[in-house]
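Right, one structure below, let's go through it.
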Number of protein chains: 2
Amino acid sequence: MTTTSTAPVFAALGDPHRQQLLTLLARGGAASASSLAPSLPVSRQAVDRHLRILSSAGLVEPRRSGREVLYSVRRAELDRSAAWLRDLADGWDRRLSAIKAAAEAPE
Amino acid sequence: MTTTSTAPVFAALGDPHRQQLLTLLARGGAASASSLAPSLPVSRQAVDRHLRILSSAGLVEPRRSGREVLYSVRRAELDRSAAWLRDLADGWDRRLSAIKAAAEAPE
DNA sequence: AACACGTGCAACACTTTATTTGCAGGTCAA
DNA sequence: TTGACCTGCAAATAAAGTGTTGCACGTGTT
């Protein structure tokens, strides 16, 4: 089940510009699309779209402040994705120990 | 720097079929494209391409065994991606404590 | 009210991705 | 050698993603 629900998250993380936006938000705090755009080599509208994608993946959260919309990082989703990776790695480890055990006790 | 190098990894993880292939490999051990294809609702060739993408992202590794090509999970890359997520979350935590400290000591 | 600024949306072009079918070539077994 | 099975590659198509420009609409400010 987590198999499909984390896919949009990883897909969102799979773009360099979006990674850049995430690190900017993580280090600089909440910011708007317009204020972030100068830091990237793309237009304000493109940044806006990336932030929407990150938002629908649950990685950032929009908050209205006056006439601006400030986006901030949502840690919970980062943790959830990291947990998925960890479970995958654990499954692989279990597989390896099963092979090792089978090799040591042929019958 | 890791910003761009992990992007292909996350992009590879961002597809449900590829996630499914990874979990199959992690739990069932090394397998070929042909043997995996019946478990997915796509053709053998499509599975092959997904495995190539996972392979070029470093998430799986091909190994020739007779007339088959067996793919197996590469734990190192899983760990590397998990580390990237952890660093991002840590950066966000540092940001939060900086804000908190500033609030407690206005000047 | 008038102006500036930030957002939201639509149209468009371009590139990439996903997937299929078909076929050629290699490898193993009878 | 013949047949079965697996891999590898090409062409075709449909869909999605990335980016741009232009413009309309709120929301503050003067």
Side-chain angles (χ1 to χ4, degrees), chain A residues 3-25 28-73 81, chain B residues 3-25 28-73 81:
Chain A
T3 299
T4 62
S5 63
T6 55
V9 180
F10 287 122
L13 290 169
D15 181 271
H17 288 162
R18 285 195 286 271
Q19 287 197 349
Q20 211 170 334
L21 286 172
L22 271 179
T23 54
L24 284 172
L25 288 178
S32 70
S34 301
S35 66
L36 290 168
S39 302
L40 303 206
V42 296
S43 69
R44 187 265 309 174
Q45 288 89 333
V47 170
D48 201 85
R49 278 170 63 154
H50 282 306
L51 287 173
R52 275 168 205 279
I53 292 173
L54 288 171
S55 182
S56 61
L59 285 165
V60 301
E61 194 168 30
R63 176 170 49 89
R64 185 122 220 158
S65 169
R67 63 181 162 184
E68 296 185 309
V69 174
L70 300 179
Y71 289 86
S72 51
V73 173
S81 308
Chain B
T3 299
T4 61
S5 62
T6 54
V9 180
F10 287 123
L13 290 169
D15 181 271
H17 288 163
R18 286 195 286 270
Q19 286 197 349
Q20 210 171 334
L21 286 173
L22 271 179
T23 55
L24 284 172
L25 289 178
S32 69
S34 302
S35 66
L36 290 168
S39 302
L40 301 208
V42 297
S43 70
R44 187 265 306 176
Q45 287 89 334
V47 170
D48 201 85
R49 273 177 85 139
H50 282 306
L51 286 172
R52 276 168 204 279
I53 291 173
L54 288 170
S55 182
S56 62
L59 285 166
V60 301
E61 194 168 29
R63 175 169 50 87
R64 184 124 221 157
S65 169
R67 64 179 160 183
E68 297 184 309
V69 174
L70 301 179
Y71 289 87
S72 50
V73 173
S81 309

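Residue numbers start from 1 in every chain, and the chains themselves are labelled A, B, ... in the order their sequence lines are given, proteins ahead of strands.
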Can you measure [X] atom [atom1] to [N] atom [atom2] for me and round it to whole angstrom units?
| X | N | atom1 | atom2 | value |
| --- | --- | --- | --- | --- |
| B:Leu40 | C:dT20 | CG | C1' | 15 Å |
| A:Gln20 | D:dT18 | CD | P | 14 Å |
| A:Glu68 | C:dA4 | CD | C1' | 13 Å |
| B:Arg52 | C:dT19 | CZ | P | 16 Å |
| A:Asp48 | C:dA10 | CG | C1' | 13 Å |
| B:Ile53 | C:dT19 | CD1 | C1' | 11 Å |
| B:Arg63 | D:dT7 | CZ | C1' | 16 Å |

Task: Residues which pass ring-ring contact (aromatic ring centres under 6.0 Å, His included) with B:Tyr71, listed by chain and number, not counting sequence neighbours - done: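 Expected list: none.
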- [ ] Could you walk me through whether B:Val60 and B:Ser55 pass side chain to side chain contact (heavy atoms under 4.5 Å, CB included), step by step?
- [x] CA-CA 5 Å; B:Val60 301; B:Ser55 182; 4.0 Å; yes
Open item on the list: For nucleotides 19-30 of chain D, give me one character per nucleotide, 5' to 3': B if any protein heavy atom sits under 4.0 Å from the base, S if the only such contacts are to the sugar-phosphate, - if neither.
Closed with: BBBB----BS--
TODO: Just jot down the side chain to side chain donor-acceptor pair (under 3.5 Å) partners of B:Ser72, sequence neighbours excluded, or say none.
DONE: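 B:Ser72 satisfies side chain to side chain donor-acceptor pair (under 3.5 Å) with no residue once adjacent residues are dropped.
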- [ ] Could you tell me which residues satisfy side chain to side chain donor-acceptor pair (under 3.5 Å) with B:Ser39, sequence neighbours excluded, listed by chain and number?
- [x]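 Once residues adjacent in sequence are excluded, B:Ser39 has no partner under the side chain to side chain donor-acceptor pair (under 3.5 Å) criterion.
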- [ ] Report the residues that fulfil side chain to side chain contact (heavy atoms under 4.5 Å, CB included) with A:Ser43, sequence neighbours left out, ordered by chain and then residue number.
- [x]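 Only A:Gln45, A:Ala46 meet the side chain to side chain contact (heavy atoms under 4.5 Å, CB included) criterion with A:Ser43.
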Open item on the list: Strictly by salt bridge (Lys or Arg N to Asp or Glu O under 4.0 Å), give each pair with a member in residues 43-61 of chain A just once, sequence neighbours left out.
Closed with: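 Salt bridge (Lys or Arg N to Asp or Glu O under 4.0 Å) check on residues 43-61 of chain A returns A:Asp48-A:Arg52.
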